[in-house]
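This report refers to the structure that appears directly beneath it.
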Amino acid sequence: MIIHALKDVIGTEREVTGPEWTSRRLVLAADRAGFSVNDTVVRAGAELEMWYANHVEAVYVLEGRGEVTDHETGAVHPLEPGVLYLADAHQRHTLRTHTEFRAVCVFDPPLTGREVHDERGAFPPPAG
């Protein structure tokens, strides 16, 4: 059994920060679970265009309010605590936060831990 406490991840190499977000990577590829889990905080007023071309992502909102826009359909979905969205077909999407926003993000294939979004909003393909 593996135990990772958020308080023990903050301030370590498992905490990765971008201009508008901080991702605390609780489960990584090295944990050999077949997926990764991040506790992610996004600042209020952020607008993040993302396209996980190499990953499937589930986002479960814990705190805050925002919206996600599916670029394929144009649909805008409100986000609040208790709502999950799943980018299951590598949809390009934009996350807009109205307040500070905290979510649990699950990725398949799992992240290695140091990934940051490239110019397309994607993470690099998994090694191997």
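Keep in mind that this is a model prediction, so the values were computed, not measured.
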Answer whether the closest heavy-atom distance between the side chains of [X] and [Y] falls below 4.5 Å.
X: Asp70; Y: Tyr85; value: no
X: Glu100; Y: Val42; value: no
X: Arg65; Y: Thr97; value: no
X: Thr22; Y: Glu15; value: yes
X: Val59; Y: Leu84; value: no

Starting from [Y], can I reach [X] by hopping between I/L/V/M/F/W/Y residues whose side chains sit under 4.5 Å apart?
X: Val106; Y: Leu86; result: yes
X: Val56; Y: Tyr60; result: yes
X: Val83; Y: Val68; result: yes
X: Phe101; Y: Leu48; result: yes

Answer yes or no: is there a donor N or O on one side and an acceptor on the other, between the side chain of [X] and the main chain of [Y], under 3.5 Å?
X: Arg14; Y: Leu26; result: yes
X: Arg24; Y: Asp39; result: yes
X: Ser36; Y: Leu111; result: yes
X: Trp21; Y: Thr40; result: no
X: His55; Y: Asp108; result: no

Side-chain donor-acceptor pair present, His71, Thr94, cut-off under 3.5 Å: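 Looking only at side-chain atoms, Thr94 and His71 do form a donor-acceptor pair, the distance falling under 3.5 Å.
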
Arg25 versus Ser23, side-chain donor and acceptor atoms under 3.5 Å: yes

Minimum-distance pair of heavy atoms, taken over all atoms of [X] and [Y]:
X: Pro110; Y: Gly34; value: CD-O, 3.7 Å
X: Val16; Y: Gly113; value: CG2-O, 3.1 Å
X: Trp51; Y: Gln91; value: CD1-C, 4.1 Å
X: Thr112; Y: Ala29; value: CA-CB, 4.3 Å

Contacts of type salt bridge (charged side-chain N to carboxylate O under 4.0 Å, His left out), residue Glu20, not counting sequence neighbours: Arg43

Steps toward side chain to side chain contact (heavy atoms under 4.5 Å, CB included) verdict (Met50, Tyr52): CA-CA 6 Å; Met50 294 175 278; Tyr52 293 115; 3.4 Å; yes

Test side-chain hydrogen bond (donor to acceptor under 3.5 Å, both in side chains) applied to Thr69 and Glu47, His93, Arg96, His77, the passing residue: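 Only match with Thr69 under side-chain hydrogen bond (donor to acceptor under 3.5 Å, both in side chains): Arg96.
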
Residues clustered with Met1, ILVMFWY side-chain links under 4.5 angstrom: Ile3

